[in-house]
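Structure first, then comments.
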Amino acid sequence: MTSEAVNTAAGGSTATGTGTDTIVDAGTRGVGADVGRPDGVPKVQGRFAFSSDLWADDFLWGHTLRSPHASALIRGIDIGPAVAMAGVYAVLLADDVPGCLTYGLEHGDQPALADGQVRYVGEPVALVAADHPDIARRAAEAIVVDYEVSEPVTDAEAAPTAAPIHPDGNVFREIAIRHGDLDVAGEVVVEGVYEVGMQDQAFMGPESGMALPDEDGSVELFVSTQWLHVDREQIAACLGIDEEKVRLTLAGVGGAFGAREDLSLQVHLCLLALHTGKPVKMVYSRDESFLGHVHRHPAKMWYRHHADRNGHLVKVEARIVLDGGAYASTSSAVIANASCFAAGPYKVPAAHITGLAARTNNPPCGAMRGFGAVQTCFGHESQMDKLAAALNMDPVELRLLNAIGPGDRLVTGQLITGTFPTAEVIRQCAYAPEPEIPLSDDRRDLPGGSGRTTDAADTVRGTGFAVGFKNLMFSEGYDDYSSAACRVSDGVATITCACAEVGQGFVTLAQQIARTELGVDEVILAPAQTATIGSAGSSSASRQTWMSGGAVQAACREVRAQILADVAAEWGVSPDGLVLRDGLVVSLDGQQEALLAQVTAGTGYEADVEYHHAPTEALDENGQGNAHVSFACAAHRATVDVDPDLGLVRVRDITTAQDVGRILNPTQAVGQIEGGIAQGLGLALMEEIVLDDGIVRNASFTDYVIPTTLDMPDVTIAAFVEEPEPGAPYGAKGIGEPPTISSSAAIAAAVRAATGQALPRIPIRPADIALG
Amino acid sequence: MSDVVVARSLDEARGALADHPDATVLAGGTDLMVEINRGLRRPSHVVGVAQVPELRLWSVADDRVTVGGGVTYTEMMTTPLADAAPALAQAARTVGSPPIRNAGTLGGNLGTASPAGDTLPVLAALNAQIVVVGPDGERRMALDDFVVGVKRTSLRPGELIVRAEMDRPTGRQEFLKIGPRNAMVISMAGLALVADHDARAVRCALGAVAAGIPRARDAEAWVAERIDWDNGAGVDDAVAAEFGQRVAAASAPIDDHRSTAAYRRHAIAVLATRALKRAFAQGGSSDA
């Protein structure tokens, strides 16, 4: 086995190639082809095993007792009534955590089990293992916790000056971006205050998994997650054992969208399994799931845009406050993103942006699709429309006038060196033909839908436009590398990578890449696990196509080089004259060929690589620095019908164009775009965790509503803007997040256009329109 | 674990309930199973009635529609029952998704007695009598007397909802409901309105805006005098608007996580205005 570290500085000459690669095999089953996903048919037939389907002989069910209070001291816990119940095998408290009590993705401030204090409703307090899920639940209910309840801190703006609710204080991070001449003022100035509610990722598959103990004190965990290796690191620390003694395997993931970046039940399962010596399974109920994972940060944003009278942006001032909830999670990275991208994909000569992520007694917030860029996109796009109105200018023209691109600088001072076709994305979307959508005769196609509230005469139509962007991969100096191994034996390729398939389609892509690089058809994708392969990084930040795709590509190319070198030596030719194609080793002069299956019979060839993106740097005290690897943008145009008297909205069409680098699988690209827009529509119009003194009032799919097929309009993809990204494998950019970033803002703009109302908050509730 | 009896006839159901008067009745399970699965209820005895043929009956007469407690929402949406009680069909169409409507029943909607129960305003507006049987034989009562509070009924131990008998008036029927999305919603505010040309009456009942299912009787009486019953002319806009305000006065909404009292009151006024105008519009109605 060979091992190789590959570093692909943008534009550098390395083993992983650049975006100028020719995409081969389109039309077959390689990169660029419309290959169906291997897990697609089992999923629609109900045969796919999700993490909630795990089973083992003689296993126990785990259950978590959670805090009913947003803020309380724990004066005592009596586990006696639970322990006394028949069928109960273990009841564990904070004292039973053998290693480090706390964990966290960026700051380890969150206790695996509450230690004398609870800081949010739903915080885990005790664990039970029993031989039946109902007994486990009842035993948890039988535990008597003596709480001394106190007034919770629930206002993020007030939190920094409130009494600390955690030893680390109430500020996760404050950030200031100072760029250009801050004394400059525009001839036209517009101000606005905007708010975004707390969205949930609302994945379908609740948190679930199974831990199996081993006699040597190690533990095996099957779990749905976004990043196996970072889970392992945190679990091992809490268990107080070596990472090698914690083996994770990815179980079937029923959606993630950021909510599986943080630990939920991982430590709990392992604790119970090691304590009882039996396999332990947990499946959260839907209510529990809403309490058991982080949400999108609610935001409040103050904006002041300055422009000259021709519409050129002169300065952007903004203050952003995010409610991070009780524990750090990824708040410090989310507020950095929100701040870095607060001015939008525009050339902004001067900017003063301050961001605060505060700790409160609300549910913890962390990663969700768009990761900070969603909130500020609603802010900057609302401002651009307001500015266009003040200038008496077409809002699309205003955006085109200021669109950022290669050679321009972000407000962080970073020079754009890769592709960033903002203007083209705007043009393709905004100037696409307007869909012809007649007002329906059927009330079910109008606002209110099946409720029959609205006739065509009760509606007004509006169209809105928005553009947004964000970074691809992790930022601020983080080396979120990926690892992959390739083995070719008997003509069959086997790819091993710990990349978490969370629905995004990496399993399809990894096979496509191997086919393209090795000229084979049959590609086996080994299970994602931690035992034999290194970290793949997180399935988030629109990064896996680039990072794990890059690792798979590099591993395949390394194996290809080994094979060609051996064959070339045997044939007495240069390896440069040989290629792998259709299961053959072929000389380009057509004189010689050999079956790959024969060449690789018996011993086989293998390579194991680490793939790194170009290094980035921390932001300095003025928020300046080359903090990001690459960027992707998208634009959305929404057409809505609104019933202003009742405040009901029907989205009729979303037209979009997206900066994708290169499309590696057209159907999967469409899937990401449609799904991302649905999530954006949800945030614009209906999805919000409703809190009352820190208590979640709608922890169910009855009351946390997400779009149905009657809410989701047709999506018109006006264009995939394909400008290959230098340094990216095949030139492809991640495409998962941009569809969610500006679709919410476009819908809000459309509702404003229809009603003439300001609507400074999303989701827009019926009362906001009808009584606004 | 619950002790479950699956009744195959009305007599079996009555017998099982006589044995365990505190038993929980399970019909389509679209409310009960959610509560059980969430751990909110743990009934010791359950009597399943989905297999009781007598409860699945419905009938249409010239002036009367009778719907068994086991009739599903999907059946309510299907002709000829849907033609005989159009507002019931409209309300049924707003419940959940197709699988839920295939399972959920009229009796279940009554038994749950949520203020947001979608068929309940229709039953109230159609002067429905709720027929129940129990140890003491059969009782019948108006919806007002059946629903006595939020998720509270006047059912006595051992009693079972058998059917609802409702008017079949000659005029149009309208059910309108507001939710936070275009389908599969719990009502934020709902309203049923029927025009009875023979009786020269308008009947209007409200959902999700009070502890019970209020009839807007003052508004009904007020508007009945302002309808041109003889010539069939449409309703004047000002009358419709005033009617809306008067209907809204019959609501007693609250603020909760689904909406605000102010919006609900406002929405009821808008819905009532629109329902009245539709019910007396000249020409046809515009949808199913």
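Within every chain, numbering begins at 1; the chains are lettered A, B, ... in the order of the sequence lines, protein sequences first and strands thereafter.
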- Message: Using side-chain heavy atoms (C-beta onward) and a distance below 4.5 Å, is R444(A) in contact with R93(B)?
- Response: yes
- Test item: R278(B) and R443(A) side chains (from C-beta on) under 4.5 Å apart, heavy atoms: yes
- Message: Under the rule for side-chain hydrogen bond (donor to acceptor under 3.5 Å, both in side chains), what residues qualify as partners of D237(B), not counting sequence neighbours?
- Response: K277(B)
Proximity breakdown for [X] and chain B, heavy-atom pairs closer than 4.5 Å:
X: T453(A); answer: both
X: D287(A); answer: side chain
X: P447(A); answer: backbone
X: R765(A); answer: neither
X: L691(A); answer: neither
X: E141(A); answer: side chain
X: D643(A); answer: side chain

About how many Å separate [atom2] of [Y] and [atom1] of [X], when rounded to the nearest 0.5 Å?
X: L771(A); Y: T260(B); atom1: CG; atom2: OG1; answer: 6.0 Å
X: R181(B); Y: M712(A); atom1: CZ; atom2: CE; answer: 14.5 Å
X: N37(B); Y: R286(A); atom1: CG; atom2: CZ; answer: 12.5 Å

Counting only non-hydrogen atoms closer than 4.5 Å, does [X] touch chain A with its backbone (N, CA, C, O), its side chain (CB onward), both, or neither?
X: A275(B); value: neither
X: R38(B); value: both
X: R274(B); value: side chain

- Best-contacting candidate, V649(A), L685(A), L646(A), against chain B by heavy atom pairs under 4.5 angstrom: L646(A)
- Message: If we check side-chain contact (heavy atoms from CB on, under 4.5 Å) with M184(B), which of these qualifies: T708(A), T709(A), L710(A)?
- Response: T708(A)
Ignoring hydrogens, what is the shortest heavy-atom contact between [X] and [Y]? Give both atom names and the distance.
X: A183(B); Y: S450(A); value: CA-OG, 3.7 Å
X: P180(B); Y: M686(A); value: O-CB, 3.9 Å
X: N182(B); Y: R650(A); value: ND2-CD, 3.2 Å
X: A767(A); Y: Y263(B); value: CA-CD1, 3.6 Å
X: A770(A); Y: H266(B); value: CB-NE2, 3.7 Å

- If you check every heavy atom in residues 695-705 of chain A against those of chain B, which residues fall under 4.5 Å? R697(A), N698(A), A699(A), S700(A), F701(A), T702(A), D703(A), V705(A)
- Message: I'd like to know if D134(A) and R42(B) make a salt bridge, using a cut-off of under 4.0 Å between side-chain N and carboxylate O.
- Response: no
